[in-house]
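Note sheet for the following structure.
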Amino acid sequence: MTFVLFGATGDLAKRKIFPALYNLFLDGKMPDSFSIIGLGRREWSDQKFQTHVEESIRSFSRRIMEDNPKMNQFLHAFHYSAVDITDQQAYTTLLNDIQKQENELSIPENRLFYLSVAPDLVDTITANIKSSGLGSVNGWKRLIIEKPFGHDLASARTLNAKLSESFEEKEIYRIDHYLGKPMVQNLEALVSANPALEALWNRDHITNVQITASETVGVEERAGYYDRAGAIRDMVQNHLLQLIMMTAMHLPEDSDAEKVRAEKRKVMEYLRPLQKEDVEANVIRGQYGPGEILGAPAGGYLEEPGIEASSRNDTFIAARLWVDNDFWAGVPFYIRTGKRMKDKSTRIVIEFKHSGKVDAAPNLLTIDISPFEGVSFQLNMKNPFNNQIEPVVIDFSANSKDVPEAYELLLSDALRGNPTFFAHWKEVELSWEWVQPILDVFEEDKVPLHVYPAGSMGPDASQQLLKEDGFSWWDHVYEQNK
Ligand SMILES: NC(=O)C1=CN([C@@H]2O[C@H](COP(=O)(O)OP(=O)(O)OC[C@H]3O[C@@H](n4cnc5c(N)ncnc54)[C@H](OP(=O)(O)O)[C@@H]3O)[C@@H](O)[C@H]2O)C=CC1
Ligand SMILES: O=C1O[C@H](COP(=O)(O)O)[C@@H](O)[C@H](O)[C@H]1O
């Protein structure tokens, strides 16, 4: 297999892709014979590239084997070509180089193209892959494409149409790294392998679902991108809607990749569309102001380098969604995400219905996705000392140190041709369809932009959203259990 990495000198390659490939190699999950061709404009030699890859592994890999022959064997598979990837001619040279290597090293003609480049280069690259013959193979070809997949519904459709001219849907692997997180991949098993949970996984027993992805970081060095994207495009359109799909789907027995993706699609098809006039009542947008994070002062969004002083961009979103199918009708799904919040945590909380027989706290199932991984369940027990019914928590926490990283799991799947945890075009399109009215309303600046202090859990309006339905975010439970 030849792995052609567009954007090999970039940040994502350094922090995620090389360490992931290295860990797959250590686990014997790379193909028997493989070659990795890195592309960028920088005038690097193979030697310089291999040194860069080694440095990236030493800085970012979750583990290092102090076994130099093994490291050298791995690095030996890396080659570099300095090219302008918008230059059609360069692809002919690239094809010759790849074919030569495939012949010399008896590498089967399977090619994986990983586009770790800015989105505006994607259609040019795929068209060049096709016209140069690089995509004409005896074995298989696959394309891994990074987010963002479009800037809105129309641009996502245009991009997909372009991709379809060079790759079939089954060859396109759209990365959403949340789908690579082990606990997200575990969600389906958690329900289907536990009949007790499976029996409760519906509107008769669940009163609401709360999904939070909070971050303490601000925009960091990505002002140019983030100020145009906002939390709605950066997190909601992809990661949070994927978490809703993964939580709400009900899988038939003997599920395969296509069935999983079909069930996810169904969830999106049942997601109640938002009309523009409903946005204000169901979506809270916020922007962080100055505050304090972990005891240190933190500036507001408008003071961040590269952000316009008048920016109305959203750094926080909370929303109420409804999946109007037989399983979930009447159960609100609340989502919430933001930068510069109190802590870094991605978590799903399932709140079960009260029996009403005794005065007790609701049962809560909590799925911690990152940075901690685990599942906990809140039950009620009688305290023998005072005879009061009190909540207790049964907690299973995974030892995350040895757990593979999202990119590792996803790359392994792509190498094996398993698209289960990659977003199908229909999921992406339906996600943009749901989000588009929100983008329109934000563009028209028709809803309030709530300023929240850095280091908080977002604007009060987000609490209010749940209060309207008689609920509240379950943050305090986790404070107590820390
Ligand atoms: N970084 C991250 O954490 C994440 C990134 N992504 C996505 O991944 C993609 C890559 O991001 P990132 O690595 O951060 O971006 P960088 O800006 O760090 O890297 C861009 C890469 O593209 C190459 N490149 C740009 N133009 C050309 C050209 N004309 N010819 C050849 N090579 C070119 C650059 O090479 P050179 O400089 O040598 O020309 C460089 O290797 C983006 O789509 C981003 O949205 C998604 C999630 C997280
Ligand atoms: O895709 C993105 O995700 C990260 C958050 O990912 P996580 O794995 O750390 O939860 C976010 O910071 C970034 O803005 C966004 O582009």
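Indexing begins at 1, ligand by ligand and atom by atom, following the structure's order. Computed over heavy atoms, backbone and side chain alike; hydrogens, waters and symmetry mates excluded.
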Worksheet item: Starting from atom 9 (O) of ligand 2, which protein heavy atom do you reach first, and at what distance in Å?
Response: Lys344 NZ, 2.7 Å
Practice prompt. Specify side chain, backbone, both or neither for Lys16, according to which of its non-hydrogen atoms lie closer than 4.0 Å to ligand 1.
Written response: neither
Discussion item. Show me which atoms of ligand 2 lie under 4.0 Å from any heavy atom of Lys147.
Written reply: 1 (O), 2 (C), 15 (C), 16 (O)
Discussion item. Below 3.5 Å, N or O to N or O, backbone or side chain included: is there any such pair between Leu12 and ligand 1?
Written reply: yes
Discussion item. Among all the protein's non-hydrogen atoms, which is closest to atom 37 (O) of ligand 1, and how far away is it?
Written reply: Arg42 NH2, 2.8 Å
Worksheet entry | Residue, atom name and distance, where the atom is the protein heavy atom closest to atom 15 (O) of ligand 1 | Asp11 N, 4.5 Å
Practice prompt. Measure centre to centre between the rings of Trp328 and Phe333, then say whether the value is under 6.0 Å.
Written response: yes
Practice prompt. Please identify which atoms of ligand 2 are closer than 4.0 Å to at least one heavy atom of Arg222.
Written response: 13 (C), 14 (O), 16 (O)
Discussion item. Under a 3.5 Å threshold, yes or no: a donor from one side chain and an acceptor from the other, between Asn23 and Ser61?
Written reply: yes
Worksheet item: When you measure from atom 9 (C) of ligand 1 to every protein heavy atom, which one gives the shortest distance, and what is it?
Response: Val117 O, 3.6 Å
Worksheet, complete the sentence: Among non-hydrogen protein atoms, atom 10 (O) of ligand 2 lies closest to Tyr178 OH, 2.5 Å
Worksheet item: Any N/O of Tyr225 closer than 3.5 Å to an N/O of ligand 2?
Response: no
Fill in: Protein heavy atom at shortest distance from atom 23 (C) of ligand 1
Gly7 CA, 3.9 Å
Worksheet item: Which protein heavy atom lies closest to atom 3 (O) of ligand 2, and at what distance to 0.1 Å?
Response: His177 CE1, 3.3 Å
Worksheet entry | Closest protein heavy atom (residue, atom, distance) for atom 12 (O) of ligand 2 | Glu215 OE1, 2.6 Å
Worksheet item: Distance below 4.0 Å between atom 3 (O) of ligand 1 and any protein heavy atom?
Response: yes
Worksheet item: Between the side chains of Trp473 and Gln210, does any donor sit under 3.5 Å from an acceptor?
Response: no
Practice prompt. Could you establish whether Arg15 and ligand 1 come within less than 4.0 Å of each other, counting only heavy atoms on the residue side?
Written response: yes
Worksheet entry | Closest heavy-atom pair and its distance - Glu102, Thr2 | OE2-OG1, 3.4 Å
Response to the item:
Min over Thr315, Asp176, Asp234 of heavy-atom distance to atom 15 (C) of ligand 2 lands on Asp234
Fill in: Arg142 NZ/CZ over Phe113 ring centroid, <6.0 Å and within 45° of normal
no
Discussion item. Quick test of your reading of the structure: of Ala82, Ser116, Pro119, Ser81, whose heavy atom lies closest to atom 10 (C) of ligand 1?
Written reply: Ser116
Practice prompt. Give me the one residue out of Lys16, Arg62, Lys181, Arg63 that meets salt bridge (Lys or Arg N to Asp or Glu O under 4.0 Å) with Glu405.
Written response: Lys16
Discussion item. Donor-acceptor pair, distance only, cut-off 3.5 Å: does the side chain of Ser132 make one with the backbone of Ile129?
Written reply: yes
Worksheet item: So, is the end of the Arg111 side chain (NZ or CZ) under 6.0 Å from the ring centre of Trp140 and within 45° of the ring's axis?
Response: no
Practice prompt. State if Leu39 counts as touching ligand 1 under the rule of any non-hydrogen atom under 4.0 Å.
Written response: no
Discussion item. If I apply the N/O under 3.5 Å rule, does Thr9 come out as touching ligand 1?
Written reply: yes
Fill in: Side-chain H-bond candidate by donor/acceptor type, Glu165 with Thr126, under 3.5 Å
no
Worksheet item: Do Glu146 and Ser116 have side-chain N/O donor and acceptor atoms under 3.5 Å apart?
Response: no
Worksheet item: How close does the nearest protein non-hydrogen atom get to atom 7 (C) of ligand 1, and which residue and atom is it?
Response: Lys147 O, 3.4 Å
Fill in: Any N/O pair Gly10/ligand 1 closer than 3.5 Å
yes
Practice prompt. Please check if the side chain of Ser412 supplies one atom and the backbone of Glu408 the other of a donor-acceptor pair under 3.5 Å.
Written response: no
Item to complete: Kindly confirm or rule out an N or O of Tyr226 lying under 3.5 angstrom from an N or O of ligand 2.
Response: no
Worksheet, complete the sentence: Looking only at protein heavy atoms, what sits closest to atom 8 (O) of ligand 2 is Lys181 NZ, 2.6 Å
Practice prompt. Quick one: look up the protein heavy atom nearest atom 30 (N) of ligand 1 and list residue, atom name and how far away it is.
Written response: Ile85 N, 2.9 Å
Worksheet item: Centroid-to-centroid, Phe74 to Tyr22, below 6.0 Å?
Response: yes
Response to the item:
If you compare Glu146, Arg222, Glu221 by their heavy atoms, the one closest to atom 47 (C) of ligand 1 turns out to be Glu146
Worksheet item: Is there a nitrogen or oxygen of Tyr80 sitting under 3.5 Å from a nitrogen or oxygen of ligand 1?
Response: no
Fill in: Evaluation steps, side-chain hydrogen bond (donor to acceptor under 3.5 Å, both in side chains), between Asp227 and Tyr301
CA-CA 10 Å; Asp227 207 38; Tyr301 181 69; 2.4 Å; yes
Worksheet entry | For ligand 1, the portion of Arg41 having any non-hydrogen atom under 4.0 Å away | both
Discussion item. Does ligand 1 come near enough to Asp84 that some N or O of the ligand is less than 3.5 Å from an N or O of the residue?
Written reply: yes
Practice prompt. Quick one: do Asp440 and Gln436 satisfy side-chain hydrogen bond (donor to acceptor under 3.5 Å, both in side chains)? Show the steps, please.
Written response: CA-CA 6 Å; Asp440 295 340; Gln436 188 61 50; 2.9 Å; yes
Item to complete: Flag this pair as yes if the NZ/CZ of Arg320 is under 6.0 angstrom from the six-membered ring centre of Tyr334 and inside a 45 degree cone about the axis; otherwise no.
Response: no
Worksheet item: Under 6.0 Å between the ring centres of Tyr288 and Phe316?
Response: no
Discussion item. Quick one: does any side-chain atom of Tyr80 pair with a main-chain N or O of Arg42 as donor and acceptor, under 3.5 Å?
Written reply: yes
Worksheet, complete the sentence: closest protein heavy atom to atom 31 (C) of ligand 1 is Val83 O, 3.2 Å
